[in-house]
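Before any comments, here is the structure.
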Protein chains: 2
Amino acid sequence: MNVPEQLNRINQQLTSKNYKLTIQRETTVRVLLENEEDHMSAEEVFMRVKNKHPEIGLATVYRTLELLTELHIVEKMNFGDGVARFDLRGEDHEHMHHHLICTVCGEMEEIKEDWLLEMEMRLEREYGFSVKDHRLEFTGTYKTCEKNGCKRECEAVT
Amino acid sequence: MNVPEQLNRINQQLTSKNYKLTIQRETTVRVLLENEEDHMSAEEVFMRVKNKHPEIGLATVYRTLELLTELHIVEKMNFGDGVARFDLRGEDHEHMHHHLICTVCGEMEEIKEDWLLEMEMRLEREYGFSVKDHRLEFTGTYKTCEKNGCKRECEAVT
DNA sequence: CTTGTTGCAAATTATTTGCATGCCC
DNA sequence: GGGCATGCAAATAATTTGCAACAAG
């Protein structure tokens, strides 16, 4: 699905709830689309949006990200570093990716598989809990700590 | 394992790293032991510690919790509400519990099982990633929203 | 003594809010 | 022209840090 189509889809979601796709919101969404795998903080999103649309205010970006989170268009995450991070949810794997976080280099990789379906069925059955979303993170180290995404500061002690 | 034994174990972990089990640290650990299932914020821990030892400062509690986190004695968690929460890790299930978070009442339940061992082996094999820790959270709703732990504000819309 | 630890206050960081102004049906 | 949206600045909330004073080996 390309950018105009995605924007269109998001626009529909917004308008169906009486929100407008203003230029600020559109620019923010574009930045998110262009950095889909980046887990940006609000500040990072702000800086990139500011490149394209310098008049925007930080508060607007926060408000937009909050709105998009409510609409389940983006996912708000916490890796324990005191900053919230945001990712678009592609509609195909809305709820189907997990995270590997390397403690040596701090790099983070996404695993685009859903390993939890069976568990969710079990929760439904055994706990009477019906799952809307989940989050699964593994912290540890890459054996080589040089594998694909994991390139920063790898001189640290293993 | 009772309180004195646990304290003793923690004391050993501290002294082995040249840290002292000061009265402030001991009091903090006691509070954590007494509220093992509570996922307290730093502020909550502080208030309870202050009851037992009114001279303590908030910064000390923060410093203690940070220290204990580094030593893997407590687990620092984030539920996305902007507050870090802390739990003792019992040595038996150091890394073996998952969370159910009910979006209706906000209540949180722990599942004391480890469902991820198989996945971790797979990560090791297929991704060359060796897992030190993990976090698994499910958000959703209890069918009844009245099940055991889930008692607050249940008049909200389901 | 020396080193780690504490309490307080001030600083920092992330995020939210109030409000006057602007924009669009 | 009425209500949602925005930008700015100020407010809030959580956490961290600087520093002088303590405490214990």
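Each chain gets a letter, A, B and so on, in the order the sequences are listed, and its residues count up from 1.
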Handout entry: Length of the CD-C1' vector between B:E44 and D:dA13, whole Å
Key = 14 Å
Practice task
Indicate whether OP1 or OP2 belonging to D:dA5 is found under 4.0 Å from a side-chain N or O atom of A:R25.
Solution key: yes
Handout entry: Euclidean distance, atom CD of residue A:E26 to atom P of D:dT6 [Å, nearest integer]
Key = 12 Å
Fill in the blank from the handout: Numerically ordered, the residues 50-60 of chain B set in heavy-atom contact under 4.0 Å with DNA chain D is B:L58, B:A59
Handout entry: Outermost DNA chain C nucleotides near chain A [under 4.0 Å, heavy atoms]
Key = C:dA14 to C:dG18
Exercise for the section: Report the C-alpha distance between B:R30 and B:E26 in whole Å, list the side-chain angles of each, state the deciding distance to 0.1 Å, and finish with yes or no for salt bridge (Lys or Arg N to Asp or Glu O under 4.0 Å). Expected result: CA-CA 6 Å; B:R30 278 182 189 282; B:E26 185 182 322; 3.0 Å; yes
Practice task
Dump the intermediate steps for side-chain contact (heavy atoms from CB on, under 4.5 Å) on A:V131 and A:E124, then the final yes or no.
Solution key: CA-CA 7 Å; A:V131 176; A:E124 187 106 24; over 6 Å; no
Problem - Presence of A:T22 side-chain N/O under 4.0 Å of D:dT6 phosphate oxygens OP1/OP2 - result: yes
Practice task
State, without any angle test, whether B:Q12 and B:R9 hold a side-chain donor-acceptor pair at a distance under 3.5 Å.
Solution key: no
Problem - Spacing of B:E66 atom CD and B:F86 atom CZ [to the nearest 0.5 Å] - result: 9.0 Å
Practice task
Give a yes-or-no answer on whether the side chains of A:H53 and A:E55 include a donor-acceptor pair shorter than 3.5 Å.
Solution key: yes
Exercise for the section: Could you walk me through whether A:E34 and A:K52 pass the salt bridge (Lys or Arg N to Asp or Glu O under 4.0 Å) test, one step at a time? Expected result: CA-CA 12 Å; A:E34 287 163 14; A:K52 300 172 181 256; 3.0 Å; yes
Fill in the blank from the handout: Between CD of B:E43 and C1' of D:dT12 the distance, given in whole Å, is 13 Å
Show the distances under 3.5 angstrom between N or O atoms of the protein and N or O atoms of nucleotides 20-25 of chain D.
none

Practice task
Could you check whether A:Q24 gets within reach of a base, just the sugar-phosphate, or nothing at all, counting any heavy atom under 4.0 Å?
Solution key: sugar-phosphate
Exercise for the section: Quick one: do A:E75 and A:L68 satisfy side-chain contact (heavy atoms from CB on, under 4.5 Å)? Show the steps, please. Expected result: CA-CA 8 Å; A:E75 184 183 6; A:L68 295 174; over 6 Å; no
Practice task
Apply salt bridge (Lys or Arg N to Asp or Glu O under 4.0 Å) to B:R122 and B:E118, showing your working.
Solution key: CA-CA 6 Å; B:R122 190 164 155 193; B:E118 202 194 320; over 6 Å; no
Practice task
Select from B:R63 and B:R85 the residue whose nearest nucleotide in DNA chain D is closer to the 5' end of that strand.
Solution key: B:R85
